Amino acid sequence: MRKVLIIFVLCVMLTSCAPATPSGPGSAMSVISTIFPGYDFARQVCGGLADVTMLLPPGTESHTFEPSAQDIIAVKNCDLFVCVGGEADVWVERILDSLDQPVRVLRMIDCVQPVEEEDDHDDSHDDGHGDGEIEYDSHVWTAPLNAAAIVREIMREMCRIDADNADAYTGGGEAYIRELERLDRDFAGFFAGAENKTLLFGDRFPFRYFTDAYGLAHDEAFPGCAADAEASLAVIAGLINRVRQEGVAAVYYIEFSNHKIADTIAAETGVSTARLHSCHNVTRDEFQSGETCLSLMERNLDVLKETMK
C-alpha cells in the first residue's frame with residue numbers, strides 16, 4: 001500500500017506536466033482494462049478498430065499487482081477505462097480520484113446484479129472487514145450471461161464514444177454475445193444431466209456467479225479470492241469428509257495455483273484433480289495464442305464433462 005501511495009504522488013507530479021493526448025479526428029479510440037475479461041470483451045467488440053490494452057501483464061497474479069506511474073498516465077489519457085469495481089478496485093478508485101480530469105469509466109460489477117461475498121470459514125481466517133460491512137463478490141464475468149451483459153455495456157460505451165463506427169461495434173459485440181449465450185445453454189444442458197451438482201475447490205473460489213447461474217452447490221478452502229495462504233486443518237478435513245460423503249469425483253483448483261490443497265484432498269480420497277479457469281488473467285502463452293474468455297470457458301466445460309459424474 002505504501003508503494004501505491006508513492007506512485008500516487010509521482011502520478012500527480014507527472015500528469016501535471018505531461019501533455020494531454022485525447023483522441024482526436026482520425027485517431028483510434030483508446031480502451032484500457034485493468035484485467036483480462038474487460039480487455040477480451042473490448043477487443044471482441046471493436047474488431048481492431050480501437051487500441052485496447054490491459055494493465056495487468058499476462059502471467060501476473062492480479063491480487064499483487066501495483067500500477068506504475070506510466071499506467072496511471074495512460075488511464076488519464078484513454079477514452080474508456082474498464083475495471084472490475086467494488087472492493088477489488090480500491091486502488092483504482094484512488095487513482096481516478098487523483099486525476100485532474102474525468103475519465104469515462106465502466107465498472108463491470110455495475111453491469112450485473114452483484115452478490116455478497118460468501119465466507120463459510122470465519123474461524124479459519126480474518127478477512128479484515130468490519131462488522132456489518134458488505135463486500136460484494138467481484139468475479140462477475142464467470143457466468144456466461146453476466147459476461148454477455150458486460151459485453152453489451154462495453155459495446156454501448158464504444159458506440160457513444162465513436163458513433164462513426166457504431167455499426168461495427170454493434171456487430172462485433174452482438175456476435176460475441178450470441179456465442180456466450182450459446183455457451184450458457186451448453187452449460188445448462190450439461191448440468192441438467194449431471195448426477196452430482198457439487199463443485200469442490202481445494203483452492204480459492206472465484207466461481208460464485210457461475211455456480212449460482214446453474215444451481216450448483218459448492219465448497220472451498222477459501223471464499224472468493226481471500227488472501228489466505230494456508231487453509232486450517234479443520235477446513236481441509238471438512239472438504240475431505242464432503243468428498244467421501246457426497247461422492248464428489250474431482251477436486252478443482254484455479255489458474256496460477258500451486259494446487260497443494262487440492263492434491264492433499266485428492267490423495268486422501270482417491271479422486272482426481274482438475275483446473276477450472278476463472279479468466280481473471282492468462283499466462284503469456286495463452287495471451288499470445290489468442291485465448292479468449294469464451295475459449296477458456298469452453299475448456300472449463302470440457303473439463304467438467306470429463307470429471308463430474
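Everything numeric in this text was worked out from a predicted model, so none of it was measured.
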I'd like to know if the side chain of [X] reaches the main chain of [Y], judged simply by a donor and an acceptor atom lying under 3.5 Å from each other, with no hydrogens or angles considered.
{"X": "Asp51", "Y": "Ala28", "result": "no"}
{"X": "Glu135", "Y": "Glu116", "result": "no"}
{"X": "Trp141", "Y": "Ser278", "result": "yes"}
{"X": "Asp219", "Y": "Leu239", "result": "no"}
{"X": "Tyr253", "Y": "Asp263", "result": "no"}
{"X": "Asp89", "Y": "Gly85", "result": "yes"}
{"X": "Asn300", "Y": "Leu276", "result": "no"}

Once the angle between the rings of Phe201 and Phe205 is folded into 0 to 90°, is it parallel (under 30°), tilted (30 to 60°) or perpendicular (over 60°)?
perpendicular
Side chains of [X] and [Y]: does their closest heavy-atom pair fall under 4.5 Å?
{"X": "Lys76", "Y": "Asp100", "answer": "yes"}
{"X": "Leu296", "Y": "Val282", "answer": "yes"}
{"X": "Asp212", "Y": "Phe207", "answer": "no"}
{"X": "Arg244", "Y": "Glu268", "answer": "yes"}

Give the C-alpha distance, both sets of side-chain angles, the deciding distance and a yes or no for salt bridge (charged side-chain N to carboxylate O under 4.0 Å, His left out) between Arg104 and Glu157.
CA-CA 9 Å; Arg104 185 186 291 264; Glu157 287 296 323; 2.9 Å; yes
Answer with yes or no whether the side chains of [Y] and [X] bring together a donor and an acceptor at under 3.5 Å.
{"X": "Thr307", "Y": "Tyr252", "result": "yes"}
{"X": "Tyr176", "Y": "Asp40", "result": "yes"}
{"X": "Glu291", "Y": "Ser295", "result": "yes"}
{"X": "Thr292", "Y": "Gln44", "result": "no"}
{"X": "Ser257", "Y": "Asp203", "result": "yes"}

Ignoring hydrogens, what is the shortest heavy-atom contact between Pro144 and Leu180? Give both atom names and the distance.
CB-O, 3.6 Å
Quick check on the 6.0 Å ring-centre criterion: do Tyr214 and Phe190 meet it?
no
Pair Asp167, Thr170 - check side chain to side chain donor-acceptor pair (under 3.5 Å), show working.
CA-CA 5 Å; Asp167 288 345; Thr170 300; 5.4 Å; no
